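Here the structure is laid out as structure tokens; the discussion comes afterwards.
Note that ligands are numbered from 1 as they come in the structure, with each ligand's atoms numbered from 1 the same way. Model, not experiment: these values are computed from the prediction.
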Amino acid sequence: MNSLPSNVTIVEVGPRDGLQNEAQHLSAQVKIDFINQLSCCGLAVIESGSMVNPEWLPQMANSEEVIKGIHQRPGIKYPVLVPNEKGMQRALEAGAKSVAIFISASEGFNHKNLNCSIEQSFTHFDPVMAIARDNGIEVRAYLSCVMGCPFDGKVKPMVVATIARRLIELGCYEVSLGDTIGIGTPLQAQRLIQAVSKQVAIEQLAIHFHNTRGQALANIYACLELGITTIDAAVAGLGGCPYTDGSSGNIATEDVIYMLHGMGIETGVDLRALSETGNMICQQLNRINSSHVGKLYR
Ligand code: MG
């Protein structure tokens with residue numbers, strides 16, 4: 001029997017990564033209620049908004065209002081996605097105490113998503129990190145396309161490892177490794193973690209897997225075997241990837257938690273309360289809940 005962790009931290013990304021990829025736009029008040037309800041589920045991290053230019057991302061246009069409106073409970077992080085210095089300033093003014101930056105492990109996706117090269121992205125991070133340091137704000141990093149890119153194809157684990165190490169050296173407390181198009185399989189996920197954990201402490205790595213091809217839970221399990229203890233997931237499986245045809249979204253948080261609790265791994269999350277929250281937001285979106293567990297609590 002291999003050794004699995006006794007505790008896992010769930011990073012709930014539904015209110016940002018999830019909702020930004022849903023066709024329907026929600027009001028600030030619905031999002032505030034959603035995040036406040038998630039705050040009562042025992043989650044330690046709830047990604048709450050994005051300061052990406054609203055012209056590119058209309059679903060997140062009300063993020064400032066949302067951040068100002070939520071009840072930020074002590075002990076819970078509410079990271080806000082920031083693309084650049086301007087976004088960082090907006091996040092700060094809205095009262096964010098935690099932010100997330102993002103970059104891709106593939107040039108093709110970085111150009112499509114950020115309109116610049118990977119190296120240019122790093123130069124954009126410098127002023128963001130300086131503002132964060134001056135204001136005591138924690139910075140998380142998303143590294144996307146870690147197991148493949150819709151434009152460039154294969155992505156080498158060594159490339160992922162090098163970028164991840166640079167993000168930690170910049171001052172990020174954690175790097176979230178995103179299988180943005182849900183293309184990876186379990187042994188590939190293990191090879192990735194083996195390569196990256198040679199350059200970054202495994203405690204500073206999170207995994208962010210999409211379920212496009214039904215591999216996410218298997219990939220998560222494979223990474224748990226190697227000591228990963230932080231998992232990104234979106235309640236009700238909200239979201240997806242706008243550049244991938246018909247892609248299903250993020251792995252549903254309820255399904256991840258069901259698997260973890262079933263294996264005796266603690267998360268601190270109240271699965272029933274979380275499922276009810278997932279069902280609530282699906283009703284608001286007039287959408288089917290892609291969580292299997294969520295369906296049981298209807
Ligand atoms: Mg995602």
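Sparse packing is recorded around OH of Tyr258, with 12 or fewer heavy atoms of other residues, nucleotides or ligands lying under 6.0 Å away. Counted within 6.0 Å of CG on Asp134, heavy atoms from surrounding residues, nucleotides or ligands total more than 12; the atom is thus considered enclosed.
Within Asp17, the N/O/S atom positioned nearest the Mg ion (ligand 1) carries the name OD2. As for His208, its N/O/S atom nearest the Mg ion (ligand 1) is the one called NE2.
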Query raised in the report: Can you list the steps and then say if Ile131 with Leu92 is a side-chain contact (heavy atoms from CB on, under 4.5 Å)?
Result: CA-CA 9 Å; Ile131 295 169; Leu92 196 63; 3.9 Å; yes
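In this model, no donor atom of one side chain and acceptor atom of the other lie less than 3.5 Å apart for Thr267 and Asn7.
Geometry note: the Mg ion (ligand 1) is the vertex, Asn250 OD1 and His210 NE2 are the arms, and the angle is 80° (rounded to 10 degrees).
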